[in-house]
Amino acid sequence: MSTLSEKRCKPCEGGTKPLAQGEAEAQIAKLAKGWQLSSDGKNLLREFRFVDFYRTMSFVNAIAHIANMDDHHPDLEVGYNYCRVRYSTHSIGGLSENDFICAAKIDQVAAF
């Protein structure tokens, strides 16, 4: 069985049900500490902190590369020394495995 970061996102279209709260909690347990589920269970959130703008933007560019490779895009809030990442599969109105796959790939980038 492959880890989340080794998987590729699959197209997720309307008609697919979002993950139930318990399923999302099982998936978040596979991620690095710091990821949280929103209170309604429809979003996966994490804030990353950096020492300067250059490192912040390098991280944002790495996220952009991951998003383009898997065709699954987060919402980002970026400032001088932080990046807040929010995943949700908009087409289904909640979380899918794709959100956790991309979060696991971001965890690998953040480890450096």
Side-chain angles (χ1 to χ4, degrees):
M1 186 168 157
S2 64
T3 64
L4 283 172
S5 63
E6 294 170 336
K7 292 183 176 183
R8 295 293 309 246
C9 291
K10 297 176 183 157
C12 192
E13 311 206 355
T16 302
K17 291 189 180 234
L19 297 177
Q21 185 78 19
E23 294 170 313
E25 289 170 359
Q27 291 288 352
I28 203 170
K30 299 175 186 177
L31 301 175
K33 291 186 184 219
W35 290 100
Q36 300 175 349
L37 294 175
S38 62
S39 59
D40 63 3
K42 294 183 178 185
N43 297 283
L44 179 62
L45 313 154
R46 185 167 176 196
E47 181 173 312
F48 296 87
R49 289 282 178 170
F50 303 93
V51 297
D52 58 30
F53 186 71
Y54 178 80
R55 286 177 180 84
T56 303
M57 293 310 297
S58 294
F59 181 73
V60 168
N61 286 330
I63 291 174
H65 180 71
I66 291 166
N68 284 328
M69 293 297 294
D70 277 291
D71 198 24
H72 194 70
H73 307 89
D75 292 322
L76 303 174
E77 182 182 335
V78 179
Y80 173 79
N81 65 345
Y82 69 90
C83 177
R84 295 183 188 117
V85 179
R86 182 172 65 85
Y87 274 106
S88 182
T89 303
H90 303 290
S91 63
I92 63 170
L95 292 169
S96 70
E97 185 182 40
N98 291 345
D99 299 304
F100 294 92
I101 289 169
C102 289
K105 290 178 182 185
I106 288 173
D107 285 343
Q108 289 183 319
V109 171
F112 287 99

Quick check for you: to the nearest 0.5 Å, what is the distance between R8 atom CZ and D71 atom CG? 9.5 Å
Please check if any side-chain donor atom of S5 sits under 3.5 Å from a side-chain acceptor atom of T3, or the reverse. yes
Output, in order, the C-alpha distance, side-chain angles, deciding distance and verdict of side chain to side chain contact (heavy atoms under 4.5 Å, CB included) for S96 and T16. CA-CA 9 Å; S96 70; T16 302; over 6 Å; no
Testing the basics here: between V85 and I63, what is the closest heavy-atom pair and its distance to 0.1 Å? CG2-CD1, 3.8 Å
Less than 4.5 Å apart, side chain to side chain, heavy atoms only: is that true for E25 and L37? yes
Report the distance from atom NZ of K7 to atom SG of C102, rounding to the nearest 0.5 Å. 12.5 Å
Side chain N61, main chain S58, donor-acceptor under 3.5 Å: no
About how many Å separate CG of L44 and CG of L31, when rounded to the nearest 0.5 Å? 6.0 Å
Which value, rounded to the nearest 0.5 Å, describes the distance between N98 atom CG and S88 atom OG? 11.5 Å
Closest heavy-atom contact between A32 and D107? N-OD2, 2.9 Å
We want to know whether Q27 and E23 form a side-chain donor-acceptor pair, criterion being a heavy-atom distance below 3.5 angstrom. no
Looking at F53, I'd like to know if its CZ atom is crowded, meaning that more than 12 non-hydrogen atoms belonging to other residues, nucleotides or ligands lie closer than 6.0 Å. no
Measure across G94 and D99 and return the closest heavy-atom pair with its distance rounded to 0.1 Å. O-OD2, 4.0 Å
Parallel, tilted or perpendicular: rings of H72 and Y87 (30°, 60°): parallel
Heavy-atom side-chain contact between F50 and F59 under 4.5 Å: yes
Kindly compute the distance separating CD (E47) from OH (Y82), expressed to the nearest 0.5 Å. 8.0 Å
Under 3.5 Å, which donor-acceptor pairs link side chains of residues 73-81 to any protein atom two or more places apart or in another chain?
| from | atom 1 | to | atom 2 | distance (Å) |
| --- | --- | --- | --- | --- |
| D75 | OD2 | R86 | NH2 | 2.4 |
| E77 | OE2 | R84 | NH1 | 2.5 |
| N81 | OD1 | R49 | NH1 | 3.3 |

For the pair K10 and E97, find out whether any cationic side-chain nitrogen is under 4.0 Å from an anionic carboxylate oxygen. no
Tell me whether L4 is reachable from L45 by hopping between hydrophobic residues (I, L, V, M, F, W, Y) whose side-chain heavy atoms are closer than 4.5 Å. no
Nearest 0.5 Å, what's the NZ-CG distance between K42 and L19? 13.0 Å
Contact check, side chains of T56 and F48, non-hydrogen atoms, under 4.5 Å: no
Before you tell me yes or no, could you show the steps for K105 and D70 under side chain to side chain contact (heavy atoms under 4.5 Å, CB included), namely the whole-Å CA-CA distance, both residues' side-chain angles and the distance that decides it to 0.1 Å? CA-CA 10 Å; K105 290 178 182 185; D70 277 291; 2.6 Å; yes
